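Here the structure comes first, spelled out in structure tokens, and everything after it is commentary.
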Amino acid sequence: MSITEHDKTPYYFVPSPSSHPALGAVGLFFVLLGAGNWMNGIAWGKYSLAFGLLWFLVVLFQWFKDAIGESESGKYSRRIDVSFRWSMGWFIFSEVMFFGGFFAALWWLRVHSVPNLANAENALLWPEFKALWPSVMAGVTAAPAGIIEPFEAMTPFWLPTINTALLLTSGVTLTVAHHALIAGDRRKTINWMWLTVILGLIFLFVQGYEYSHAYSEMNLTLASGVYGSTFFMLTGFHGFHVFIGMLMLLFITLRLRKGHFTPEHHFGFEGAAWYWHFVDVVWLGLYVVVYWL
């Protein structure tokens with residue numbers, strides 16, 4: 001809700017029927033159709049994927065524009081605010097379960113799958129196999145039949161540690177911005193928000209360089225056995241969430257520049273902040289489990 005106070009706010013605003021969900025589904029259909037065909041070597045798949053993404057983004061832009069207009073026109077009451085908070089909380093909970101599945105898969109591989117390959121039965125087939133995770137012993141690829149090319153395991157020094165510092169710092173700058181908004185200091189809020197967005201961008205560039213280094217210098221790829229696949233799936237999905245969170249913070253910053261949000265009404269800001277802090281916490285888990293252990 002903007003600075004302007006509104007005399008009439010519905011008890012619980014119910015939006016009129018919208019075509020946005022159906023149009024968004026059309027875009028996602030072309031995304032999946034294109035991605036599936038492109039992965040199977042069909043040339044037109046990439047064009048379908050690009051069209052679907054563009055269509056979906058245009059629909060999202062219009063959808064968010066309508067929602068922002070409803071908020072700024074004073075249609076969102078306290079009950080809508082509570083509804084949004086519950087919705088964002090359950091969404092973040094679903095994300096916790098999403099990453100929890102990947103962490104559980106990594107734990108199962110390290111504690112059960114790889115050690116079981118060294119049992120008496122498999123020892124007859126692969127007598128020289130060492131059932132050790134690559135990060136535990138350098139040069140171990142955990143490939144019983146020797147079908148995985150030698151690769152280097154990723155270490156926490158120094159790019160992952162730099163990224164950890166960047167994300168932790170961004171959490172601090174975002175909190176400072178939030179307190180500035182509550183205090184009514186819009187200019188300070190905007191400045192600290194820009195700094196938070198920049199830190200998120202730097203994180204993504206550092207991770208992109210890390211991936212390039214892994215492929216070109218360490219021969220660590222998605223094809224590097226379960227170590228490579230779990231490493232890139234965990235860090236890659238986290239990087240995608242950082243990208244989404246950075247976009248959320250960017251649009252919140254642009255809205256702040258247009259005069260949106262007040263010290264009393266700013267859940268759009270808070271929802272993006274919750275998501276960003278969640279991303280920070282997930283990275284701390286990744287930093288310890290993937291890079292150190």
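It should be emphasised that the depicted structure is a prediction, and the values quoted were computed from it without experimental measurement. The chain is numbered in sequence order, starting from 1.
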field: Validation row, ring centre Phe278 to ring centre Phe91 under 6.0 Å
entry: no
query: Does any N or O in the side chain of Arg110 come within less than 3.5 Å of the main-chain N or O of Leu293, such that one atom is a donor and the other an acceptor?
result: yes
task: Determine yes or no for a side-chain-to-main-chain donor-acceptor pair under 3.5 angstrom, with Ser229 supplying the side chain and Val226 the backbone.
output: yes
- prompt: Which distance, rounded to the nearest 0.5 Å, do you find between the CD1 of Ile80 and the NZ of Lys75?
  reply: 11.5 Å
field: Side chain to side chain, Tyr215 and Leu222, heavy atoms closer than 4.5 Å
entry: yes
- request: Please report the closest heavy-atom contact between Leu204 and Gly239, naming both atoms and the distance.
  value: CD2-O, 3.5 Å
task: Check the angle between the aromatic planes of His266 and Phe269 and answer parallel, tilted or perpendicular using the 30° and 60° thresholds.
output: perpendicular
message: Quick check for you: to the nearest 0.5 Å, what is the distance between His213 atom NE2 and Glu152 atom CD?
response: 7.0 Å
query: Once you round to the nearest 0.5 Å, how far does CD1 of Ile198 lie from CG of Leu249?
result: 12.0 Å
- request: Determine whether the aromatic ring centres of His265 and Tyr76 lie less than 6.0 Å apart.
  value: no
- prompt: Ring centroid separation for Phe56 and Trp63, is it under 6.0 angstrom?
  reply: no
task: Assert yes or no for the condition that the ring centre distance of Phe64 to Phe251 is strictly below 6.0 Å.
output: no
task: Assess the side chains of Thr161 and Tyr291: does a donor N or O sit below 3.5 Å from an acceptor N or O?
output: no
message: Donor-acceptor pair, distance only, cut-off 3.5 Å: does the side chain of Thr253 make one with the backbone of Trp194?
response: no
- request: Flag the pair His178 / Trp192 as yes when at least one side-chain heavy-atom distance between them is below 4.5 Å, and no otherwise.
  value: no
- prompt: Is the shortest heavy-atom distance from the side chain of Trp274 to the side chain of Arg85 under 4.5 Å?
  reply: yes
message: Within the supplied structure, the quantity of interest is the number of heavy atoms (other residues, nucleotides, ligands) at a distance under 6.0 Å from Phe157 CZ; does it exceed 12?
response: yes
message: Do Asp66 and Gln62 make a side-chain contact, defined as non-hydrogen atoms from C-beta onward lying under 4.5 Å apart?
response: yes
query: What is the minimum heavy-atom distance between Ala272 and Ile252, and which atoms define it?
result: CB-CG1, 4.0 Å
query: Given the side-chain rings of Phe102 and Phe98, with only the six-membered ring counted for Trp, is the space between their centroids under 6.0 Å?
result: yes
- prompt: Between Trp283 and Thr164, is any side-chain donor less than 3.5 angstrom from a side-chain acceptor?
  reply: yes
